[in-house]
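A, B, ... follow the sequence lines: proteins, then strands. Residue 1 opens every chain. Bear in mind the structure is a predicted one, so any value in this text is a computation, not a measurement.
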2 protein chains.
Amino acid sequence: MAISERKKKILAAVVDEYIRTAEPVGSKAIAQSGCLNCSSATIRNELAELVAMGYLEQPHTSAGRVPTPMGYRMYVNELMEKQKLSLEETEEMNRRLNQKLQELDTTISDVSRLASQLTDYPALALTARSAVTVRRFDLIYVDANTFIIVLTLSSSVAKSKLVHLPVSVDQSMVQRLSSLFNSGFTGIEENQITPLLINSTERAADDTMGLTSVIAAFVIETLTEASTPTAYVSGENRLLNQPEFRDPDKAHRLMSYLSGGGYILPPAEGLESSGEVRVLIGPENVAEELKDSSVIVASYDAGDNTRGLIGVVGPTRMDYSAVAAKLSFLAAGLSRRLSSGSAPPEGMHNKLIIKGDDPNEHR
Amino acid sequence: MAISERKKKILAAVVDEYIRTAEPVGSKAIAQSGCLNCSSATIRNELAELVAMGYLEQPHTSAGRVPTPMGYRMYVNELMEKQKLSLEETEEMNRRLNQKLQELDTTISDVSRLASQLTDYPALALTARSAVTVRRFDLIYVDANTFIIVLTLSSSVAKSKLVHLPVSVDQSMVQRLSSLFNSGFTGIEENQITPLLINSTERAADDTMGLTSVIAAFVIETLTEASTPTAYVSGENRLLNQPEFRDPDKAHRLMSYLSGGGYILPPAEGLESSGEVRVLIGPENVAEELKDSSVIVASYDAGDNTRGLIGVVGPTRMDYSAVAAKLSFLAAGLSRRLSSGSAPPEGMHNKLIIKGDDPNEHR
DNA sequence: GTTGGCACTCTCAACTTCCGAGTGCTAATA
DNA sequence: TATTAGCACTCGGAAGTTGAGAGTGCCAAC
């Protein structure tokens with residue numbers, strides 16, 4: 001059965017009102033809201049039909065109506081007015097985003113924190129790096145017992161490590177290893193680093209002290225770390241602001257789940273363009289713990305064909321429109337700053353390093 | 001007025017029982033617990049006096065007694081039996097500690113998570129690095145537009161950064177800068193890096209492209225970061241396990257405070273030897289938000305004359321004895337692994353890098 | 001100094017009552 | 001045929017009531 005225009009309006013009104021008040025919505029409230037010119041009785045009839053159709057439900061006879069997941073779905077897909085952020089809001093967000101991105105390194109987890117602050121829901125951020133390889137090796141000889149490994153990754157990040165040795169090495173050995181690693185270990189992914197490769201390098205370098213395996217271990221570690229998606233969760237405690245989580249047990253369940261990490265995300269994969277937003281309502285989530293919560297995620301482009309996610313978790317009664325707008329904005333801002341060219345994500349703070357900043361900015 | 005031996009026993013019994021059950025403790029319960037041979041009436045008399053002395057209080061007439069902060073303080077200082085960890089417990093903790101420390105980098109925040117898991121309270125870890133300087137500079141020339149900065153810090157950690165340039169530089173310039181920084185910027189603290197110093201270096205290097213300031217900025221950033229204490233909080237949500245935080249508002253208040261970072265710690269400074277434990281009970285805390293919670297912290301030695309803290313937060317009704325034992329053990333373990341010599345905290349995973357591992361281990 | 005006994009207090013859980021919001025239905029109306 | 005006004009009915013939740021039980025303080029006896 002098709003849903004009439006008026007029913008849509010009524011459904012939208014119910015969802016809006018419920019999002020605002022967290023209380024079941026009665027026919028009278030809708031009649032008074034003024035967007036329809038008809039009496040509460042008419043609306044009651046319509047409401048009854050919307051219940052029959054599965055868009056709404058009643059907690060009990062003679063309470064107001066509450067949207068079902070199906071109702072929210074309809075709302076998200078067709079009814080809600082896509083919220084435009086006000087000028088002040090975008091400025092505020094830009095300001096804070098810039099501020100965050102000026103700090104180094106922990107960018108992504110900071111953005112997750114920012115998302116949580118802006119939406120007042122728990123937020124999560126997921127990096128999803130794809131294949132990373134070593135582009136270049138440098139070994140710096142410090143003294144007979146110490147050298148530094150410097151790896152330049154395909155993602156244009158340099159990682160280094162200081163190694164102390166219980167035995168002494170000479171400079172020529174370090175040099176030999178450096179060139180061997182540069183030819184043998186660059187451009188390959190972590191899973192292509194086999195014991196065989198390590199052994200042959202060790203023999204070729206005439207290394208009897210196990211230096212090769214130290215270096216190889218660092219390479220494997222670094223590549224694994226760089227290509228493993230990690231999830232950052234922040235603001236779990238904001239859940240307690242929501243009336244539906246006044247039950248400490250319920251809140252605790254979800255919060256532990258969230259703290260546990262981001263097993264939330266399998267269903268959220270497959271977002272294409274950055275800034276695109278996906279909404280998962282209640283039972284649409286695969287995780288049991290999320291079956292009566294909603295997740296909103298936006299994807300961002302981190303360069304190198306990799307994309308990450310930022311999102312928030314809340315009760316099904318979420319302000320989908322506002323949250324979606326904010327996340328989308330954040331994701332887009334993040335993409336602009338991270339993806340363009342192959343500039344390193346960290347430290348765009350200096351004027352000199354201007355590669356691929358926001359193309360809309362005139363400088 | 002001095003407190004009699006029997007009163008101490010009774011007080012200890014009340015605290016123990018209250019820690020166990022979170023319910024006010026009645027005279028009968030103590031009489032039956034069997035550690036005193038006297039009737040409940042006698043105990044009632046003693047209890048009344050303990051109330052008068054300020055060690056206990058009654059939520060209302062005709063409820064059992066509950067310890068006051070002063071009562072807890074007495075308990076912690078004199079009465080509680082210092083809990084010994086069982087063999088299984090220490091083994092389990094060692095196992096997990098080793099496991100954590102094999103992973104790199106995020107060690108401290110991992111240990112905080114571990115502390116939270118072990119105690120089932122929210123935990124925090126604070127690094128408190130002191131003055132850090134650069135010990136050595138290396139600039140690696142990659143191509144005309146790219147070079148890598150490698151800083152070796154006095155804390156025996158190497159930090160690196162890949163720099164892309166919009167202009168081209170020649171190798172000799174990079175070399176010049178490298179030696180200038182090595183002579184001018186090593187061994188000094190962040191606050192000694194003045195615009196004057198930067199300017200003179202710039203002129204000496206004949207650098208018209210601002211490379212000097214890029215490098216200097218990275219140095220400042222790195223030193224600042226390395227010497228700024230950071231706090232990691234984990235397991236905030238475990239608070240909800242405690243009956244005293246069943247009120248979501250109360251829980252929320254404390255959790256937000258914790259998520260905000262570690263302003264908790266000023267009062268906890270001044271712990272000397274590592275593994276030493278300090279207990280702050282209720283109003284002894286300076287932070288308003290902690291006035292009816294307790295904090296237990298243990299200090300660890302991170303080498304280089306720096307010490308950090310790990311601790312947990314919970315209701316005043318905490319199992320002080322068990323928690324203190326566990327934290328002390330964790331802190332000691334952490335110290336052993338971090339402090340000895342100047343071995344880098346990260347990556348003890350390889351047999352080769354054996355500097356200053358647990359001296360009790362025979363290998 | 002210790003104990004048993006007893007009257008008293010106060011909380012908490014269970015139960016009851018009652019109000020009002022909101023419904024569904026019916027009959028009247030446009 | 002769609003809408004509206006009116007009305008009886010339902011049900012949840014707040015407020016009030018009650019009773020049981022745990023625990024106390026105090027007194028008199030040991």
Side-chain angles (χ1 to χ4, degrees), chain A residues 1-11 13-15 17-18 20-68 71 243-244 246-247, chain B residues 1-11 13-15 17-18 20-68 71 243-244 246-247:
Chain A
M1 161 168 44
I3 183 169
S4 75
E5 271 313 304
R6 192 170 65 185
K7 281 203 180 60
K8 284 186 183 176
K9 272 192 184 164
I10 293 177
L11 178 53
V14 171
V15 177
E17 184 69 8
Y18 185 62
R20 209 172 55 78
T21 62
E23 302 277 314
V25 182
S27 55
K28 211 157 144 193
I30 298 176
Q32 280 168 356
S33 80
C35 57
L36 283 293
N37 317 1
C38 54
S39 76
S40 65
T42 312
I43 291 176
R44 272 204 293 284
N45 291 332
E46 296 281 48
L47 287 176
E49 286 182 49
L50 283 167
V51 170
M53 293 163 80
Y55 293 108
L56 298 175
E57 63 189 354
Q58 289 179 285
H60 54 258
T61 341
S62 125
R65 303 318 207 274
V66 165
T68 60
E244 25 276 279
R246 289 206 70 79
D247 172 12
Chain B
M1 158 170 45
I3 182 169
S4 75
E5 270 314 305
R6 191 171 64 183
K7 281 202 181 59
K8 284 187 184 178
K9 271 193 184 164
I10 293 178
L11 178 53
V14 172
V15 178
E17 184 69 7
Y18 185 62
R20 211 172 54 78
T21 62
E23 303 276 316
V25 182
S27 54
K28 212 157 144 192
I30 299 176
Q32 280 169 356
S33 80
C35 56
L36 285 289
N37 317 0
C38 51
S39 77
S40 65
T42 313
I43 291 177
R44 273 204 292 285
N45 292 331
E46 296 282 48
L47 286 177
E49 287 183 49
L50 283 167
V51 169
M53 295 164 78
Y55 293 109
L56 297 176
E57 63 189 354
Q58 289 180 284
H60 49 85
T61 345
S62 123
R65 300 330 204 267
V66 165
T68 60
E244 27 274 279
R246 290 206 70 79
D247 171 14

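Between Ser62(B) and Arg44(B), the one whose closest nucleotide on DNA chain C sits nearer the 5' end is Arg44(B). Closest-nucleotide positions on DNA chain C for Pro59(B) and Asn45(B) were compared, and the one nearer the 5' end corresponds to Asn45(B).
Here the closest heavy-atom approach between residue Ala63(B) and residue Gln58(B) is recorded as O-NE2, 3.3 Å. Across Val25(B) and Ala29(B), no two heavy atoms sit closer than the pair CG1-CB, 4.4 Å. When every heavy atom of Ala31(B) is checked against every heavy atom of Ser39(B), the shortest pair comes out as CB-C, 4.3 Å. Of all non-hydrogen atoms in Ile30(B) and Ser33(B), the two that sit nearest each other are O-OG, 2.8 Å.
If you take SG on Cys38(A) and CZ on Arg44(A), they are separated by 11.5 Å, rounding to the nearest 0.5 Å. Of the inter-residue distances, the one linking Ile43(A) atom CD1 with Ile10(A) atom CD1 reads 5.0 Å to the nearest 0.5 angstrom.
A donor-acceptor pair under 3.5 Å links the side-chain atoms of Thr68(B) to the main chain of Gly54(B), judged by distance alone.
Boundaries of the chain B contact region on DNA chain C are dT2(C) to dT11(C), first to last in 5' to 3' order (nucleotide atom under 4.0 Å from a heavy atom). Scanning DNA chain D 5' to 3' for nucleotides with an atom closer than 4.0 angstrom to a non-hydrogen atom of chain A gives a first and last hit of dT3(D) to dG12(D).
Side chains of Arg6(A) and Leu11(A) form no contact here, defined as non-hydrogen atoms less than 4.5 Å apart.
Here Ala63(A) lies in heavy-atom contact (under 4.0 Å) with sugar-phosphate atoms only. Contacts of Ser40(A) with the nucleic acid, taken as non-hydrogen atoms under 4.0 Å apart, are absent.
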